[in-house]
Amino acid sequence: PVAAAFRHIQWDPLSSLRLTPQETALLRMAETNPIEYTLGDARDATMYVRVLLKLLAEASFNVSGHVARIAEECNENRALDALDADPLGVVTHYAIAKLYTILTTLSSPWAAENAVSIGNVFYAGMEGDLIEQWKSLLRVISKGKGDSYAQRSAAMCLAQILLAACPSQRGRIMSTSSAKVVTAVTTTRVPSYASAIEPLEALTAWVISQLKSSNAVTVGTTVPAIMTLMSATEGRQIFAASGGIKYLSRQLRQREKKQSSSSPPSLGTERRANSSVQQLYELAFCLWCLTYELNNFADVRADFAKDGLPVMALVELVSSAPREKVVRVALAALKNLAICSADIHPEPDAPRIDTKVFLGEMIACGLMKAIGLLRERQFTDPDIVDDVESLHMLLADNFKEMTRWEVYQNEVETGQLQWGSTHTNAFFKENAKMMEGKDGDFNLVKILISLITSKDEDVAAIACFDLGEFCRHYPNGRAIAKRLGAKELAMTLIEHDNPELQRHALQCVSKMMVHNWEYVK
């Protein structure tokens with residue numbers, strides 16, 4: 001935001017930065033020369049990076065917060081005012097902006113042709129260990145005092161630096177015909193992944209803490225870093241092991257609901273609406289990237305199956321269809337879930353989680369109906385058409401193999417109750433005994449009781465109906481439901497504003513109290 005002030009920074013008066021004459025001279029030299037000139041000498045490049053990280057370390061302790069509150073890009077006059085009011089805040093932005101430029105240059109074909117890399121500059125010694133100064137980036141990320149630019153950009157820079165050490169990224173040669181590239185790649189220093197593991201875990205922990213927020217700006221500070229981490233299997237693995245799949249799914253549901261419930265945007269709100277769609281796309285993209293680890297790790301499959309939340313979030317994205325690009329990544333993620341296998345890297349003592357589990361969840365969440373609607377639409381992207389047809393066939397084949405009870409069980413377990421043939425008197429007359437569960441713990445009854453308090457009034461009404469039918473058709477069902485707390489929760493809905501929910505709650509309580517309900521009816 002304050003880039004216009006960078007060339008006006010006077011280093012000598014900023015004694016709190018504790019710069020040596022040599023460091024000040026290096027900063028001035030870097031300003032007068034192209035960045036490629038500074039990075040062309042490995043020794044100068046490493047020294048320059050260390051000076052920038054030192055600026056971050058010293059400046060981030062003393063910022064006043066004035067620059068942190070500036071969100072929009074400033075003109076030169078306003079930027080100079082910010083430099084006067086908060087010089088160290090401007091220095092913090094300066095150092096981060098320069099680091100980002102360095103990382104972009106070191107990832108370009110020019111760097112490959114000239115035998116310089118992130119590994120050469122940010123990793124040192126015979127072992128190729130990450131330089132200690134990386135911690136100044138983590139300090140800015142953790143204690144950014146609401147400076148969204150500094151947090152977002154520092155997190156992305158750190159992610160790029162750490163990704164260079166991941167074994168899966170080694171040997172990636174840029175797409176160019178130059179023979180110099182091959183020579184350059186073989187002569188660059190190999191960074192030590194062991195030295196990057198702890199920083200990766202620290203960065204991921206910060207990302208997860210931000211994803212717990214309901215504030216879109218707070219979440220937005222993490223997205224570039226997450227998308228960077230998703231490009232390496234090591235980054236995906238650490239993110240998933242930290243609970244990232246659950247928090248991404250929650251964010252997707254929150255953002256999608258806000259997007260679908262908002263009124264048509266006026267000229268003043270259209271920009272925010274587009275930003276919200278972009279964030280939906282980026283979060284969905286990250287979840288899609290994580291599906292590529294389904295066949296590699298049983299824990300990832302378990303996280304995707306947990307509470308049905310990831311599948312639910314993706315199906316809601318497909319159903320609401322906010323933009324074609326969002327639908328594309330959501331469909332691609334669902335397709336990966338629908339074809340995953342538990343045969344590779346199985347978990348011996350855990351329940352088998354594979355394509356059948358995920359297809360069952362998709363059916364319960366209403367994906368078949370959404371896919372049917374998508375098949376009638378015209379899409380310009382052939383990938384969407386292919387994924388829609390593939391999912392249609394997979395869902396149809398799986399649905400044929402499922403019993404009505406399995407469909408109902410999946411529906412309850414995902415919490416996506418919808419009126420249909422499984423919510424009738426005839427269904428419960430035939431299947432009430434199945435409500436016991438394999439372990440006799442009445443787990444489905446417990447889930448139905450929890451769904452009475454759902455914010456979705458249709459779901460709460462269906463839960464009341466199902467519990468009432470369970471009480472009617474299961475021996476001693478009334479006593480079991482009352483013992484589990486169903487009566488008290490249903491009673492709270494008897495005076496609900498929604499007359500349909502009120503009616504089902506009253507009937508549910510009545511069925512728990514009256515033995516011969518059919519005569520009362």
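Note that the numbering runs from 1 along the sequence shown for the chain.
Judged by distance alone, with hydrogens and angles left aside, the side-chain atoms of Ser249 form no donor-acceptor pair with the main-chain N or O of Ala313 at under 3.5 Å. When atom types are taken as modelled, the side chain of Asn120 and the backbone of Ser117 share a donor-acceptor pair closer than 3.5 angstrom. Side chain of Asn295 to main chain of Cys340: no donor-acceptor pair is present (N/O by atom type, distance under 3.5 Å, no hydrogens or angles). With hydrogens and angles ignored, the 3.5 Å screen pairs no side-chain donor or acceptor of Asp86 with any backbone N or O of Ala82. A distance-only check finds a donor-acceptor pair linking the side chain of Glu23 to the backbone of Thr20 [under 3.5 Å]. A donor-acceptor contact shorter than 3.5 Å links the side chain of Gln279 to the backbone of Ala216. Side-chain atoms of Asp354 come within 3.5 Å of backbone N or O of Lys356 as a donor-acceptor pair.
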Can you list the steps and then say if Ile238 with Leu229 is a side-chain contact (heavy atoms from CB on, under 4.5 Å)?
CA-CA 9 Å; Ile238 291 173; Leu229 291 173; over 6 Å; no
Begin with the C-alpha distance, continue with both residues' side-chain angles, and end with the deciding distance and a verdict on side-chain contact (heavy atoms from CB on, under 4.5 Å) for Leu158 and Leu162.
CA-CA 6 Å; Leu158 183 55; Leu162 299 175; 3.8 Å; yes
Going through the checks in order, is the side-chain contact (heavy atoms from CB on, under 4.5 Å) test met by Glu293 and Arg301?
CA-CA 8 Å; Glu293 300 303 323; Arg301 291 194 294 274; over 6 Å; no
One pair to check against side chain to side chain donor-acceptor pair (under 3.5 Å): Gln254 and Ser214. What are the steps and the verdict?
CA-CA 8 Å; Gln254 287 177 15; Ser214 59; 5.4 Å; no
Step by step, would you call Lys212 with Tyr247 a side-chain contact (heavy atoms from CB on, under 4.5 Å)?
CA-CA 7 Å; Lys212 293 177 183 178; Tyr247 292 112; 3.3 Å; yes
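Between Val2 and Ile70, the closest side-chain pair of non-hydrogen atoms falls below 4.5 Å. The closest side-chain heavy-atom distance from Ile339 to Thr355 is not below 4.5 Å. Side chains of Pro167 and Thr233 form no contact here, defined as non-hydrogen atoms less than 4.5 Å apart. At a threshold of 4.5 Å between non-hydrogen side-chain atoms, the residues Ser16 and Leu88 count as touching. Residues Tyr100 and Ser153 are not in side-chain contact: their nearest non-hydrogen atoms beyond the backbone lie 4.5 Å or more apart. Residues Val190 and Tyr123 are not in side-chain contact: their nearest non-hydrogen atoms beyond the backbone lie 4.5 Å or more apart. Side chains of Leu200 and Ile197 form no contact here, defined as non-hydrogen atoms less than 4.5 Å apart. Side-chain contact check for Gln251 versus Gln210: every heavy-atom pair is 4.5 Å or farther apart.
Inspection of the Glu36 and Thr105 side chains reveals no N or O donor paired with an N or O acceptor under 3.5 Å. For the residue pair Thr380 / Glu324, a side-chain donor-acceptor distance below 3.5 Å is found, with atom types taken as modelled. Between Asp387 and Ser390, the side chains place no donor N or O within less than 3.5 Å of an acceptor N or O (distance only, hydrogens not considered). Residues Glu234 and Ser168 bring a donor and an acceptor atom of their side chains to less than 3.5 Å of each other. For the residue pair Lys325 / Gln278, a side-chain donor-acceptor distance below 3.5 Å is found, with atom types taken as modelled.
Between Arg152 and Asp147, none of the side-chain N atoms (NZ, or NE/NH1/NH2) sits under 4.0 Å from a carboxylate O, so this pair counts as no salt bridge. The pair Glu389-Arg375 meets the salt-bridge criterion, with a side-chain N (NZ, NE, NH1 or NH2) lying under 4.0 Å from an Asp/Glu carboxylate O. Taking a cutoff of 4.0 Å between a charged side-chain nitrogen and a carboxylate oxygen, Glu132 and Arg50 do not qualify as a salt bridge. A salt bridge links Glu31 to Lys98: at least one charged side-chain nitrogen sits closer than 4.0 Å to a carboxylate oxygen.
To the nearest 0.5 Å, atoms CZ (Phe285) and CE (Met230) are separated by 9.5 Å. Separation of atoms CD (Gln10) and OG1 (Thr24) is listed at 11.5 Å; rounding is to 0.5 Å. Atom OG of residue Ser195 and atom CZ of residue Phe122 lie 13.5 Å apart, to the nearest 0.5 angstrom. For the atom pair CG of Leu373 and CE of Met368, the computed distance is 12.5 Å after rounding to the nearest 0.5 Å. Note that CG of Leu99 and CE of Met156 are 11.5 Å apart. Values are rounded to the nearest 0.5 Å. Within the model, atoms CD1 of Ile161 and CD1 of Ile118 stand 7.5 Å from one another, a figure rounded to the nearest 0.5 Å.
Here the rule is side-chain contact (heavy atoms from CB on, under 4.5 Å) with Leu283, and of Thr222, Leu252, Val326 only Leu252 fits it. Just one of Asp383, Leu317, Val318 meets the side-chain contact (heavy atoms from CB on, under 4.5 Å) condition when paired with Leu331; it is Val318. Each of Leu248, Leu203, Ile245 was scored for a side-chain contact (heavy atoms from CB on, under 4.5 Å) with Phe239, with one residue passing: Leu248.
Counting non-hydrogen atoms of neighbouring residues, nucleotides and ligands closer than 6.0 angstrom, the CE atom of Met29 exceeds 12 such neighbours. Within 6.0 Å of CD on Glu76 lie more than 12 heavy atoms contributed by other residues, nucleotides or ligands. Annotation: Tyr37, atom OH; neighbour count of heavy atoms from other residues, nucleotides and ligands within 6.0 Å does not exceed 12.
The nearest pair of heavy atoms linking Cys74 to Ala79 is CB-N, 3.9 Å. Scanning both residues, Ser209 and Trp206, for their nearest heavy atoms gives OG-O, 2.6 Å. Taking both residues in full, the closest heavy atoms of Leu337 and Phe358 are given as O-CD1, 3.5 Å, listed atom of the first, atom of the second, then distance. In this structure, Ala305 and Glu361 approach most closely via the heavy-atom pair O-OE2, 3.3 Å. Minimum interatomic distance between Lys54 and Leu19 (heavy atoms only, all atoms of both residues): NZ-CA, 4.1 Å. The two atoms that bring Cys365 and Val315 nearest to each other are O-CG1, 3.5 Å, heavy atoms only.
Under the 30°/60° scheme for interplanar angles, the aromatic rings of Trp288 and Tyr292 are found to stand perpendicular.
Taking the six-membered ring wherever Trp is involved, the centroid distance between the rings of Trp11 and Tyr94 falls below 6.0 Å.
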